[in-house]
Amino acid sequence: MADHLPEALGPLLREARTRLAAAGIDDPSLDARLIVEHYSGTTRTQASADPGRKIDGDAIAAIDGALRRRADGEPVHRILGYREFYGLRLSLSPETLEPRPDTETLVEAVLPFVKAMVARKGACRILDLGTGTGAIALALLSVVPTATATGVDISAGALAMAARNAGQFGLGGRFTTVQSDWFEKVSGRYHVIAANPPYIPTQEIGNLQDEVRDFDPRIALDGGVDGLNPYRIIAAEAARFLEAEGRIAVEIGHTQSNDVNDIFRAAGYTAGEVFGDLGGNDRVLVFQRATS
Ligand SMILES: C[S@@+](CC[C@H](N)C(=O)[O-])C[C@H]1O[C@@H](n2cnc3c(N)ncnc32)[C@H](O)[C@@H]1O
């Protein structure tokens, strides 16, 4: 890498992009822009309207450090410390999975039901199993003002970050956290049980992209020998926590649709309604009790 970055915004962006491209980063323009905007406090519009704008030395030093980390393979959102999810800027920590756009499919899949429940009953209680940053629960709460949610995670560090994120968006009054191994410490009944559980088979973790394997917490990825263990637990135990007319929505790996359907049908649920992600993969299944 060159020793010095230019101090004018336009040339700075170009040099940042050049460095990341030289390091083989997939989308150097996007990552350069995210890094430069974050540390310089500038916007895309300012970069095109005022490319000669001078960036101060501290910001340049921070940009330099961030570019080096990115060039060494650290994911850009881990460096910035946040990732946008459903319009919310969620803070990350080493204990939280970086929320992915595919998971917005789950939010969209249950949103009509959450809205309908609030319209009919004046309330919708959501249980977000394996909440991580709080992504699913907080996205739903952010668009349905009278819904409430409980975020469950086995990781105390993840729950601390989820609670902090909730506070940041003014959602702390409607979001509670419970540290629990799935349902172990959960009480009450919920209209929606949502989960994006770990679903990678243990032996496939080593084949994941470096950025996932090396930076997302292993406990957020590893779904056991066949990747399906969390679904078996959720399907077996959810009935005690689900309102009669409630829904269970789970994110799945793109090859797991049949297996997860079989698990839930054997536990007394209807065939899952399937929702695809932007890549056209089956990504979310929504179940209800077979008898309701
Ligand atoms: C794939 S991440 C999903 C995080 C977040 N819901 C999202 O979609 O971005 C799975 C989450 O499940 C949590 N988890 C793993 N095993 C668990 C268990 N036995 N009980 C509760 N949570 C667990 C992990 O800590 C992690 O936060």
Side-chain angles (χ1 to χ4, degrees), residues 85-87 97 99-121 123-132 134-144 146-152 182-183 186 188-201 223 226-292:
F85 180 83
Y86 214 74
L97 182 97
R100 306 299 205 280
D102 283 345
T103 305
E104 294 181 347
T105 307
L106 193 155
V107 175
E108 294 283 354
V110 293
L111 190 54
F113 180 80
V114 173
K115 287 180 171 170
M117 195 51 57
V118 162
R120 272 183 33 226
K121 305 239 168 173
C124 182
R125 292 185 297 281
I126 299 159
L127 185 69
D128 180 10
L129 290 173
T131 197
I136 295 167
L138 298 181
L140 290 167
L141 296 189
S142 72
V143 288
V144 187
T146 50
T148 54
T150 300
V152 170
W182 302 125
F183 292 103
V186 173
R189 283 195 184 263
Y190 299 84
H191 301 103
V192 172
I193 296 178
N196 172 18
Y199 55 65
I200 311 291
D226 61 1
L228 299 169
N229 278 353
Y231 301 108
R232 293 192 182 94
I233 295 168
I234 294 167
E237 298 182 21
R240 282 188 295 129
F241 304 93
L242 189 67
E243 291 283 4
E245 58 202 320
R247 299 288 189 274
I248 301 178
V250 292
E251 179 170 326
I252 57 170
H254 69 280
T255 60
Q256 294 174 327
S257 190
N258 290 340
D259 289 334
V260 175
N261 243 308
D262 289 347
I263 289 168
F264 276 87
R265 290 182 71 174
Y269 295 90
T270 56
E273 191 180 352
V274 184
F275 295 81
D277 62 22
L278 293 174
N281 300 305
D282 289 356
R283 186 56 65 190
V284 170
L285 298 177
V286 179
F287 300 97
Q288 54 188 303
R289 286 177 206 275
T291 50
S292 68

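Everything numeric in this text was worked out from a predicted model, so none of it was measured.
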Looking only at heavy atoms, what is the nearest atom pair of [X] and [Y], with distance?
{"X": "Ala137", "Y": "Asp128", "value": "N-OD2, 3.3 Å"}
{"X": "Ala249", "Y": "Val110", "value": "CB-CG1, 3.3 Å"}
{"X": "Ile126", "Y": "Ala147", "value": "CD1-CB, 4.2 Å"}

*Take Phe241 and Leu129 through the side chain to side chain contact (heavy atoms under 4.5 Å, CB included) test and state the conclusion after the steps.*
CA-CA 12 Å; Phe241 304 93; Leu129 290 173; over 6 Å; no
Sub-4.5 Å side-chain heavy-atom contact between [X] and [Y]:
{"X": "Phe183", "Y": "Ile193", "value": "yes"}
{"X": "Leu140", "Y": "Val107", "value": "yes"}
{"X": "Trp182", "Y": "Pro197", "value": "yes"}

Backbone of [Y] reached by a side-chain donor or acceptor of [X] within 3.5 Å:
{"X": "Glu273", "Y": "Val286", "answer": "no"}
{"X": "Arg189", "Y": "Leu242", "answer": "yes"}
{"X": "Asn261", "Y": "Ala271", "answer": "no"}
{"X": "Asp226", "Y": "Leu228", "answer": "yes"}
{"X": "Arg289", "Y": "Phe287", "answer": "no"}
{"X": "Arg283", "Y": "Ile252", "answer": "yes"}

Calculate, to the nearest 0.5 Å, the distance between atoms [atom1] and [atom2] belonging to [X] and [Y] respectively.
{"X": "Asp282", "Y": "Gln256", "atom1": "CG", "atom2": "CD", "value": "11.0 Å"}
{"X": "Ile248", "Y": "Leu285", "atom1": "CD1", "atom2": "CG", "value": "11.5 Å"}
{"X": "Ile263", "Y": "Asn258", "atom1": "CD1", "atom2": "CG", "value": "11.0 Å"}
{"X": "Glu104", "Y": "Ile136", "atom1": "CD", "atom2": "CD1", "value": "10.5 Å"}

>> Ring-plane angle category for Tyr199 and Tyr231, please: parallel below 30°, perpendicular beyond 60°, tilted otherwise.
In response: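 The arrangement is parallel - the two ring planes meet at less than 30°.
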Exercise. What do the steps show when you test Glu251 against Arg100 for salt bridge (Lys or Arg N to Asp or Glu O under 4.0 Å), and what is the final call?
Worked result: CA-CA 11 Å; Glu251 179 170 326; Arg100 306 299 205 280; over 6 Å; no
